[in-house]
Amino acid sequence: MLRNGLEPWHLLIVAIVIIVLFGSKKLPDTARALGKSMRILKSETSAMKHDGTAPSTVPRSESAPEAASPRAVDEGTTTR
């Protein structure tokens, strides 16, 4: 079934389906957001390599709660 892997016409069909599903007006914004996310991920991973720290293996929901912003602490309120 997948002896030949992905051929060019497979990619063409996938591209047409994506255009039909999302519309041609939203694709540039989506691509821009994806590129921005990839740049952020790349810079964060290079910063972690530079610092010598390893990424946390604990899921975000089980990690320590986020600290309140300094402004909220000054006002005596919490953010949520």
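- Residue Val20 is grouped with residue Leu12 when hydrophobic side chains (ILVMFWY) are merged at heavy-atom distances under 4.5 angstrom, including chains of intermediate members.
- For the atom pair Leu41 CG and Ser46 OG, the distance stands at 9.5 Å (nearest 0.5 Å).
- Residues that satisfy the salt bridge (charged side-chain N to carboxylate O under 4.0 Å, His left out) test with Arg39, not counting sequence neighbours, are absent from this structure.
- Note on residues 8-35: pairs passing salt bridge (charged side-chain N to carboxylate O under 4.0 Å, His left out), not counting sequence neighbours, are Asp29-Arg32.
- Taking CG of Leu21 as the reference point, atom CG of Leu27 lies at 10.0 Å (rounded to 0.5 Å).
- Ile19 and Val17 fall within a single hydrophobic cluster, where Ile, Leu, Val, Met, Phe, Trp and Tyr are joined by side-chain heavy atoms under 4.5 Å apart, directly or via other members.
- In the hydrophobic cluster analysis, where Ile, Leu, Val, Met, Phe, Trp and Tyr join through side-chain heavy atoms closer than 4.5 angstrom, Phe22 is grouped apart from Ile16.
- Separating the OG atom in Ser43 from the NE2 atom in His50 is a distance of 13.0 Å, to the nearest 0.5 Å.
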